[in-house]
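Heads up, the thing below is written out as structure tokens.
In this text, all values refer to a predicted model and were calculated from it rather than measured experimentally. Reminder, nothing fancy here: chain letters follow the sequence lines and each chain counts from 1. Heavy-atom basis, side chains included; hydrogens, waters and symmetry copies ignored.
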Amino acid sequence: MKKQKSIKIITKYWGEIDPNSLESYRRKSGYEALRKALRQDSEVILQEIIKSGLRGRGGAGFLTGAKWQLAAEKNSSKKYFIANLNESEPGVFKDRLLAENNPHQIVEGLIIAAYAVGATRAFIYLNPCYKKAKMLLENALREAYEKKILGKSVMGSFFELEIEVFEGAGSYVCGEESALVNSMEGRRAEPRKRPPFVCEQGLENFPTVVNNVETLANIPEIILNGADNYRHLGAIDSPGTKLFCIDGSVESPGLYEALLGVTTRELIYDYAGGVQRGKDFLLAQIGGVGGFFAPTGLLDEPLVYGRNTKLALGSGGILVLDKMVDWKKLMVSWMRFFQRESCGKCVPCREGTFRALAILRRLEQGDFSEDDLKDLKKIIWALEKTSFCAFGRFAANGIKEVMRYELVQDFKERLI
Amino acid sequence: MTTQNILLHYSPQRRNLLPVIKEVSREEGFVSETAADLIAKYFNLTRAEVLSAATFYSEVKTKKQPELIIKVCDGANCNLKGSEETLRQIELFLGQKEGDEHNALVKIERVSCFGQCLSGPNVQIGETIYDKIFPDRVIDLLRGYLE
Ligand SMILES: Cc1cc2nc3c(=O)[nH]c(=O)nc-3n(C[C@H](O)[C@H](O)[C@H](O)COP(=O)(O)O)c2cc1C
Ligand code: SF4
Ligand code: FES
């Protein structure tokens, strides 16, 4: 249990703060980081975030400072900042809990972020299922306007900022930043070709930075206690803490905050109470429905963002599976998800998820042929190599992992 | 509210298009071609532009919907907790399959994730999301709605 007592940045005041009250947030040094930031040049804040080494918590772990710099350097009459709270990955609910427990931490991070890149309009793009989060965020914004923390003169400075909540319309792909921008413009939420990146040319063609809300919730800490301090938390090249949503065959499923670099074994045993009594651990799937597998041999791999990792973290979902898991049923459920949520823009994903689902259904019903296996492999290849956006790769990955670890007898037998 | 009335609350900039079609869909049950034409005219777009957006989103409907929609979460976490069995019970009880559109009163849908995964299987009936809906609980819950 020792790790649980370690450093917390995001969940530090959960339960202590009344999420309905700005005053309550203020009593825990709320908006002190913003006050400090506004006393300095926006360039200094940008440099501080670059120096912190903060990486995005929305999935890819992109360097936040580098992304901000691209937008900050753009000469433009208008810039936008968007906090991404579309969260719709099965098994992931961290952003919802963040908004429900400490909405002002998101708002404060977003204001500082907008200041650093020179944006004067910002949005919180919200998953429409999240009714309670909506109410609390809108209340937080209203209070911030009343206290002149938002509006024409943020905390009495020359900086002007408006923030509003923009409710999405129920689509997983909307969370991809260029699809998100399309949906805000009233178009189909299909990803755009890049370059140009949305941070250069996004909403209404203005530079638009999109960050996950957990990323933004780290900003006040970095400004208050300094980038040097932050840089030394967690892992080298992947600093800070991360929210993990742990579910499946563990004693205490839940949301836990741990330093990056934590191992899956630590998360299961030190945080989530260990493998459920009476269950035989098989593996943990890291990073949601398209995630990689951590069997016993990979349990001590540190979980970090960045290139050199065997277990891409994604948005932090961890599903612990025991030996009783029905793989065929689970794969069908995955593929139904990918088929339902595919935006339909590109053929490999639109057709591939559809065909793969039909094949996996046959597998589930015991009617799986040699040709099916060949076709499935071709589809997996096409999804992985030729899809327009990362969604296609996610759709392929789980099935590939099942094949790699030979978890389904039919996949093995047909190979001979 | 009628489509005309809804439009009065928004300025005709593209950023308001999705909020408008969502509200029209919610208030009138779906976005009809007539409504799409009104919206298109207001935003200075074509009907095709409005409908291509409207048909994309699961929260926006372009066909008349049954009165009651039952959404069963099919996310991996709910699935592992038994949402398939819950869905089977609902299908058996109502005598119709997920996705069937012949019944003007009820429709059953599978959805991706409500973000309430720890307390699955989750089922949304009308506007309310219910948690821990195991097969043995679902019939009583449905009876309350159907009577
Ligand atoms: C299919 C798809 C879905 C995504 N969904 C989300 C999401 O729900 N929330 C999110 O923050 N990022 C999501 N992302 C990542 C975003 O594109 C983007 O990288 C992220 O919001 C950037 O924020 P960050 O740099 O703070 O991580 C998704 C990406 C893809 C390809
Ligand atoms: S990979 Fe799938 S989600 Fe991505 S653009 Fe192609 S169809 Fe859309
Ligand atoms: S998987 Fe069902 S609510 Fe998330």
Side-chain angles (χ1 to χ4, degrees), chain A residues 87-97 123 127-131 133 166-174 182-190 203-204 245-249 253-255 285 288-289 291 317 319 321-322 325-326 329-334 336-338 340-341 343-344 398, chain B residues 10 12-23 25-26 31 39-40 43 45 48-61 71-85 87 98-99 109-122 124 127-129:
Chain A
E87 187 169 77
S88 4
E89 176 90 37
V92 181
F93 41 84
K94 65 178 181 81
D95 295 341
R96 172 176 69 79
L97 288 178
F123 299 90
N127 177 332
C129 286
Y130 290 180
K131 304 285 183 223
F166 188 99
E167 219 188 19
S171 147
Y172 176 80
V173 178
C174 269
N182 272 339
S183 88
M184 286 187 70
E185 292 179 358
R187 302 172 208 277
R188 298 170 80 80
E190 293 169 353
L203 187 59
E204 295 152 10
C245 302
I246 310 178
D247 195 12
S249 307
L255 177 127
Q285 188 181 25
V289 278
L319 185 59
L321 298 169
D322 64 68
V325 63
D326 182 344
K329 188 174 156 205
L330 187 60
M331 285 192 289
V332 169
S333 165
W334 286 345
R336 261 200 310 261
F337 167 79
F338 288 113
R340 184 166 53 232
E341 297 293 339
C343 84
Chain B
Y10 293 90
Q13 51 173 330
R14 275 206 86 131
R15 209 194 301 135
N16 287 331
L17 184 58
L18 186 56
V20 163
I21 55 182
K22 267 180 70 178
E23 199 171 330
S25 177
R26 199 168 50 233
V31 182
I39 297 168
F43 283 92
L45 298 168
E49 282 174 301
V50 172
L51 285 178
S52 90
T55 49
F56 184 86
Y57 297 95
S58 62
E59 292 248 318
V60 179
K61 305 294 178 190
K71 297 177 177 174
V72 182
C73 180
D74 182 34
N77 299 50
C78 281
N79 193 281
L80 284 170
K81 294 183 177 71
S83 62
E84 273 308 284
E85 290 68 29
L87 175 66
E98 176 257 330
E109 289 178 355
R110 275 198 182 96
V111 296
S112 298
C113 174
F114 296 115
Q116 312 273 358
C117 323
L118 293 181
S119 53
N122 295 307
Q124 181 176 354
E127 292 293 301
T128 315
I129 299 172

From [X] [atom1] over to [Y] [atom2], what is the distance, rounded to the nearest 0.5 angstrom?
| X | Y | atom1 | atom2 | result |
| --- | --- | --- | --- | --- |
| A/Cys129 | B/Asn122 | SG | CG | 10.0 Å |
| A/Arg187 | B/Phe56 | CZ | CZ | 13.5 Å |
| A/Met184 | B/Asn16 | CE | CG | 10.0 Å |
| B/Leu80 | A/Asp247 | CG | CG | 8.0 Å |
| B/Arg15 | A/Leu203 | CZ | CG | 6.0 Å |
| A/Phe337 | B/Asn79 | CZ | CG | 12.5 Å |

State, to 0.1 Å, how close [X] and [Y] come at their nearest heavy-atom pair, and which atoms those are.
| X | Y | answer |
| --- | --- | --- |
| A/Phe93 | B/Gly115 | CB-O, 3.2 Å |
| A/Pro90 | B/Gly75 | CB-CA, 3.8 Å |
| A/Gly170 | B/Glu59 | N-CG, 3.9 Å |
| B/Phe114 | A/Tyr130 | O-CE2, 3.6 Å |
| B/Asn77 | A/Gly91 | OD1-CA, 3.4 Å |

Is it the backbone or the side chain of [X] that comes under 4.5 Å from a heavy atom of chain B, or both, or neither?
| X | answer |
| --- | --- |
| A/Phe166 | side chain |
| A/Ser88 | backbone |
| A/Leu321 | side chain |
| A/Cys343 | both |
| A/Phe338 | neither |
| A/Val289 | side chain |

Please walk me through it: do B/Tyr57 and A/Ser183 pass side-chain contact (heavy atoms from CB on, under 4.5 Å)? CA-CA 9 Å; B/Tyr57 297 95; A/Ser183 88; 2.9 Å; yes

Quick test of your reading of the model: are [X] and [Y] salt-bridged, counting only N-O distances below 4.0 Å?
| X | Y | answer |
| --- | --- | --- |
| A/Arg336 | B/Glu84 | yes |
| B/Glu85 | A/Lys329 | yes |
| B/Arg14 | A/Glu204 | no |

Please report the C-alpha distance between A/Arg96 and B/Gln116 in whole Å, then the side-chain angles of each, then the deciding distance to 0.1 Å, and finally whether the side-chain contact (heavy atoms from CB on, under 4.5 Å) criterion is met. CA-CA 9 Å; A/Arg96 172 176 69 79; B/Gln116 312 273 358; 3.6 Å; yes

Please lay out, stage by stage, how B/Ser112 and A/Glu341 fare under the test side-chain contact (heavy atoms from CB on, under 4.5 Å). CA-CA 8 Å; B/Ser112 298; A/Glu341 297 293 339; 2.5 Å; yes

B/Val20 versus chain A, the contacting section by heavy-atom distance below 4.5 Å: neither

Who among B/Asp74, B/Val50, B/Leu18, B/Ile21 has the most heavy-atom pairs with chain A under 4.5 Å? B/Asp74

Shorter than 4.5 Å, heavy atoms on both sides: which option in B/Pro19, B/Ser25, B/Ala76 has the most such pairs with chain A? B/Ala76

When only pairs under 4.5 Å are counted, which of A/Ser171, A/Gly168, A/Ala189 shares the most heavy-atom pairs with chain B? A/Ala189

Step by step, would you call B/Ser58 with A/Arg340 a side-chain hydrogen bond (donor to acceptor under 3.5 Å, both in side chains)? CA-CA 10 Å; B/Ser58 62; A/Arg340 184 166 53 232; over 6 Å; no

